[in-house]
Amino acid sequence: MSILVVGSVAFDTVQTPAGRADGVLGGSASYFSVAASFFAPVHLVAVVGKDFGEENARIFRDRDIDLGGLAHLPGKTFHWSGVYGDDINQRTTLATELNVFEEFEPVLPERLRKAEYLFLANIDPDLQRSVLKQMKRPKLVACDTMNFWIEGKRESVLEMLKGVDVLLINDQEARQLALDANTVRAAKKILGFGPTSLIIKRGEYGAALYSGHSHFAVPAYPLLDPVDPTGAGDSFAGGFMGHLARRGTLDEATIRQALVVGSVMASFCVEDFSLRRFQSLRPEQIRTRLKEFGRMTQYADPT
Ligand code: AMP
């Protein structure tokens, strides 16, 4: 089953302890769609400017991602810039230039409105809501957001969450959204806002699933030399949704597997700047890491 994603396609400027990349392809929908494309067909809805050339489009085409919903507007593509400290979990945003996103009104082609899996990647919650309204009863709606929108458009974020099944955010954003400094309490509050499941991403410490009836956690794959964590969260979401769409089921066991697939795809993302690691990634390398992950998290019942 295919996945529709709406989010940002960006040019990013990133500084990490491992080096620097200037004006490289990034954006929430870019990382998501490329990671998900290893598991299911993906349709991308986003906007780019005049500076987005064929060499950028090719990265998506090489992964068979449908670009029929990618709007081209006069002006510049969204630009984000950030710097990571020696503790690679600490990120500071230096610039967020919305550019063509300021005038973007997503209008979904009829054929995309019937997609069964919808991912509302991190963009303006007003746009996320507009896409949600145009859809015809998707089987699963998942979404991401960030501090920029929780601070700037809180009411719109809360309204959007009413139509969402799974919310994926990091622990800081969860606390900010719930206005509660305790992550477990924050998770409970967020489940009252609309989503039936909440996935809290914790960078190099993994991710946890909270739902009304269960709690489950996975570690992050331990990497010796992380290069750039930008997009790890979106790549996690891509692996997560990709696995669910490929399996076509939403039972607890499959959701738990999807968290592991998400964690593995995030680990590949971090190995290089931009989408570079995905450009050379082979399916058997994903399978090998998934197997390794299984061994890493297995233990005999200690009781
Ligand atoms: P992540 O590291 O998973 O949080 O995602 C980083 C990506 O999100 C970068 O490639 C940015 O271009 C993109 N991004 C950063 N800020 C925003 C924003 N306010 N709206 C949409 N996308 C953003």
Side-chain angles (χ1 to χ4, degrees), residues 1-5 7 29 31-43 63-65 114-121 132 135-144 161 163-170 174 187-188 190-191 194-202 205-221 232-269 278 281 283-299 301:
M1 273 176 245
S2 64
I3 305 170
L4 175 67
V5 54
Y31 283 105
F32 176 91
S33 58
V34 171
S37 70
F38 285 87
F39 307 94
V42 181
H43 310 278
R63 299 269 349 129
D64 285 332
I65 293 163
K114 295 183 220 118
E116 295 203 78
Y117 291 79
L118 171 66
F119 186 65
L120 302 166
L132 203 45
M135 295 295 290
K136 294 189 178 134
R137 292 179 165 273
K139 185 168 169 173
L140 184 78
V141 180
C143 89
D144 186 8
L161 287 178
V164 163
D165 303 304
V166 183
L167 171 66
L168 299 100
I169 44 176
N170 70 35
K188 270 195 180 292
I190 292 170
L191 289 174
T196 48
S197 300
L198 168 69
I199 295 173
I200 298 192
K201 300 169 285 180
R202 297 201 174 103
Y205 306 112
L209 167 75
Y210 296 84
S211 68
H213 49 88
S214 75
H215 177 73
F216 176 65
V218 292
Y221 182 83
D234 308 304
S235 305
F236 180 100
F240 175 81
M241 287 285 277
H243 183 72
L244 294 180
R246 180 164 71 166
R247 287 293 164 94
T249 51
L250 296 171
D251 55 90
E252 176 81 17
T254 312
I255 291 177
R256 288 183 178 212
Q257 286 173 343
L259 253 84
V260 172
V261 178
S263 204
V264 161
M265 294 313 280
S267 74
F268 284 117
C269 170
F278 290 127
L281 185 62
E284 65 268 26
Q285 294 175 309
I286 300 176
R287 278 196 295 275
T288 304
R289 195 166 283 186
L290 283 170
K291 290 244 183 274
E292 219 178 309
F293 207 95
R295 286 193 293 275
M296 207 176 84
T297 50
Q298 218 167 43
Y299 59 91
D301 183 351

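The shown structure was predicted, so the numbers you read here are calculated from the model rather than taken from an experiment.
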Quick one, [X] and [Y] - any side-chain contact, counting heavy atoms below 4.5 Å?
X      : Y      : value
Pro195 : Val166 : no
Phe236 : Leu259 : yes
Pro138 : Tyr117 : no
Phe119 : Val42  : no
Met241 : Leu140 : yes
Phe39  : Ile286 : yes
Val218 : Thr297 : no

Euclidean distance, [Y] [atom2] relative to [X] [atom1], rounded to 0.5 Å:
X      : Y      : atom1 : atom2 : result
Ile169 : Ile199 : CD1   : CD1   : 11.0 Å
Ser33  : Asp64  : OG    : CG    : 12.0 Å
Phe32  : Ser37  : CZ    : OG    : 10.0 Å
Ser267 : Glu292 : OG    : CD    : 9.0 Å
Leu244 : Lys139 : CG    : NZ    : 9.5 Å
Leu250 : Ser197 : CG    : OG    : 9.0 Å

>> Is there a side-chain contact (heavy atoms from CB on, under 4.5 Å) between Val260 and His243? Walk through the geometry before answering.
In response: CA-CA 10 Å; Val260 172; His243 183 72; over 6 Å; no
> In chain order, what residues pass the ring-ring contact (aromatic ring centres under 6.0 Å, His included) check against Phe240, with sequence neighbours excluded?
Replying inline: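 Partners of Phe240 under the ring-ring contact (aromatic ring centres under 6.0 Å, His included) test: none.
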What are the two closest heavy atoms between [X] and [Y], and how far apart are they?
X      : Y      : answer
Leu120 : Val141 : CD1-CG1, 4.0 Å
Ile3   : Ala40  : CD1-CB, 4.2 Å
Ser2   : His43  : OG-NE2, 3.3 Å
Phe278 : Ala35  : CZ-CB, 4.1 Å
Val5   : Ala121 : CG2-CB, 4.1 Å
Leu4   : Met135 : CD2-SD, 3.6 Å

> NZ of Lys188: more than 12 outside heavy atoms within 6.0 angstrom?
Replying inline: no
> Would you say the side-chain atoms of Thr196 pair up with the backbone N or O of Asp165, donor to acceptor, closer than 3.5 Å?
Replying inline: yes
>> Restricting to side-chain contact (heavy atoms from CB on, under 4.5 Å), what partner residues turn up for Ala187, sequence neighbours left out?
In response: Leu198, Ile200, Tyr210
>> Among Asp234, Leu167, Val164, exactly one meets side chain to side chain contact (heavy atoms under 4.5 Å, CB included) together with Asp144. Which residue is that?
In response: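 With Asp144 as partner, Asp234, Leu167, Val164 yield a single side chain to side chain contact (heavy atoms under 4.5 Å, CB included), made by Asp234.
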>> Whether Arg289 engages the ring of Phe268 as a cation-pi pair (distance to the six-membered ring centre under 6.0 angstrom, angle to the ring normal within 45°) should be assessed.
In response: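 Geometry flag: set, cation within 6.0 Å and 45°.
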> Which residue pairs satisfy the salt bridge (charged side-chain N to carboxylate O under 4.0 Å, His left out) criterion with at least one member in residues 241-264, sequence neighbours excluded?
Replying inline: Glu252-Arg256
>> For Phe293 and Tyr221, take the angle between the two ring planes, folded into 0 to 90°, and tell me which bin it lands in: parallel under 30, tilted 30 to 60, perpendicular over 60.
In response: parallel
